[in-house]
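First comes the structure, then the notes that go with it.
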There are 2 protein chains.
Amino acid sequence: MYSIDKLKEYLENKDVKPSYPRLKVLEYLLRYQNHPTADQIYNALVNEIPTLSKTTVYNTLHRFVESKVATPVCVDGGETHYDATVNEHGHFKCQICKKIFDFDIDLEKACEKGLTGFEILNRSINYKGFCPNCVE
Amino acid sequence: MYSIDKLKEYLENKDVKPSYPRLKVLEYLLRYQNHPTADQIYNALVNEIPTLSKTTVYNTLHRFVESKVATPVCVDGGETHYDATVNEHGHFKCQICKKIFDFDIDLEKACEKGLTGFEILNRSINYKGFCPNCVE
DNA sequence: AGTTATAATGTAATCATTACAAATTTGACA
DNA sequence: TGTCAAATTTGTAATGATTACATTATAACT
Ligand SMILES: [Mn+2]
Ligand SMILES: [Mn+2]
Ligand SMILES: [Zn+2]
Ligand SMILES: [Zn+2]
């Protein structure tokens, strides 16, 4: 799916040194597209990288965010989820199965009033409700 | 500004018993419109209500949220802020002064693709950047 | 190889939030 | 007004995600 060389190149282009933990975290994010938490990533990788530290996962994710390799997804007060899809899109969190779904949204036509003079750096759109599998 | 009787009536209409701490929390939210955290509310009220417990503030806010007296605002991973303005609107958090600003947004025209079959219960729109006072 | 910068690790601390049991208040009713 | 059950409030202890930080390991460069 994603060759190590491609991942290395991708990180280098974003000025992130492609260490082994970083490559593995990126590979995980891209492969599963499941908006995992730091803890989920750690648990998924620690078998393959027994020396992995949870702090390294946090460090890596922070690095990814500041280099725009990943986006944090804070859909409610709980843990932060991470997403390697960095183009703008919405997130829908199902209240039953807790899964986070992507959806496309075009905010150009959604007229915002009251933001003249503000410099917008990023926008996050989070919906909550029931996913098709969980609507009864 | 907001008479105690009006506040009482408002809470009763939402099926929330108007206890003294609840009235004071609601009054604070409505008066300052500053999207405070539980801690900020506690610190603002504890002088006037010396017996106030932080747990009561949390209990009250949870009650308010479930009764739609208030909305939680989770703009980034940190603390949850609360808002007594419950009609849909966007929030802008300034990265410098940390203030949270309201803005109007009409999502009707923002076409969402990929949500057929989903039942949406609520939407939250959070922007980040620099407010007019902090843009250099 | 030696030197320096960068990254990873482990542990302890932080801090918002929650759990829980005890105390207090409220409101209905006799 | 007194009684009693239900609801609310309180204080404290626990939780759990995240961060701070000092140490160790790895990488890059001369
Ligand atoms: Mn996503
Ligand atoms: Mn608001
Ligand atoms: Zn679901
Ligand atoms: Zn500002």
Side-chain angles (χ1 to χ4, degrees), chain A residues 4 7-8 11-12 14-28 35-67 69-82 93 98 100, chain B residues 4 7-8 11-12 14-28 35-67 69-82 93 98 100:
Chain A
I4 293 294
L7 296 177
K8 267 190 181 153
L11 286 183
E12 277 163 351
K14 301 252 186 177
D15 281 316
V16 177
K17 286 196 187 172
S19 73
Y20 188 63
R22 287 172 181 173
L23 283 169
K24 288 313 230 176
V25 170
L26 177 60
E27 185 190 36
Y28 180 88
H35 307 93
T37 64
D39 195 65
Q40 285 177 287
I41 297 170
Y42 172 79
N43 285 307
L45 297 181
V46 72
N47 295 317
E48 199 179 352
I49 319 171
T51 63
L52 185 67
S53 154
K54 198 175 279 188
T55 304
T56 298
V57 177
Y58 277 107
N59 289 341
T60 297
L61 291 168
H62 292 158
R63 202 86 214 297
F64 281 6
V65 170
E66 81 177 349
S67 308
V69 173
T71 315
V73 180
C74 309
V75 51
D76 45 30
E79 315 126 286
T80 302
H81 298 253
Y82 292 89
K93 180 164 190 180
K98 311 296 180 193
I100 295 176
Chain B
I4 292 294
L7 296 177
K8 266 190 181 156
L11 286 183
E12 277 163 353
K14 301 252 185 178
D15 281 316
V16 176
K17 284 194 188 172
S19 72
Y20 188 62
R22 288 172 180 171
L23 285 169
K24 288 313 227 175
V25 170
L26 177 61
E27 185 189 36
Y28 180 88
H35 306 95
T37 64
D39 195 64
Q40 285 177 287
I41 296 170
Y42 172 79
N43 285 306
L45 297 182
V46 72
N47 294 318
E48 198 179 351
I49 318 171
T51 63
L52 185 66
S53 154
K54 199 176 279 187
T55 303
T56 297
V57 176
Y58 277 107
N59 289 342
T60 297
L61 291 169
H62 293 159
R63 201 86 213 298
F64 281 6
V65 170
E66 80 176 352
S67 307
V69 173
T71 316
V73 180
C74 310
V75 52
D76 45 30
E79 314 126 286
T80 302
H81 298 252
Y82 292 88
K93 180 165 187 177
K98 311 296 181 193
I100 296 175

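Per chain, numbering begins at 1; letters A, B, ... match sequence-line order.
Dashed line: the shortest gap from a side-chain N or O of Ser19(B) to OP1 or OP2 of dT26(C) is not under 4.0 Å.
The side chain of Arg22(B) sits closest to dT9(D) out of dT9(D), dA8(C), dA17(D).
Counting heavy atoms of neighbouring residues, nucleotides and ligands inside a 6.0 Å radius, atom NZ of Lys14(A) exceeds 12 of them.
In the region residues 37-63 of chain A, proximity to DNA chain C at under 4.0 angstrom, judged on heavy atoms, holds for Thr51(A), Leu52(A), Ser53(A), Thr55(A), Thr56(A), Asn59(A), Arg63(A).
A donor-acceptor pair under 3.5 Å is formed between the side chain of Thr60(A) and the backbone N or O of Thr56(A). Judged by distance alone, with hydrogens and angles left aside, the side-chain atoms of Ser53(B) form a donor-acceptor pair with the main-chain N or O of Thr55(B) at under 3.5 Å. Judged by distance alone, the side chain of Arg22(B) and the main-chain N or O of Lys17(B) form a donor-acceptor pair under 3.5 Å. Looking at Gln40(A), its side chain does come within 3.5 Å of a backbone N or O of Thr37(A) through a donor-acceptor pair.
Taking each heavy atom of Gly77(A) and Cys74(B) in turn, the nearest pair found is N-SG, 3.6 Å.
With a 4.5 Å cut-off on side-chain heavy atoms, Thr80(B) and Val73(B) do not count as touching. The side-chain heavy atoms of Val69(A) and Val16(A), taken from C-beta on, include a pair separated by under 4.5 Å.
Between the CD atom of Glu66(A) and the P atom of dT6(C) there is a distance of 13 Å, given to the nearest Å. The interatomic distance linking Tyr20(B) (OH) with dG27(C) (P) rounds to 16 Å, in whole Å. As a whole-Å value, the separation of Glu79(B) CD from dT18(D) P is 14 Å.
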B/S/- along nucleotides 22-30 of chain D (protein heavy atoms under 4.0 Å) is ---------

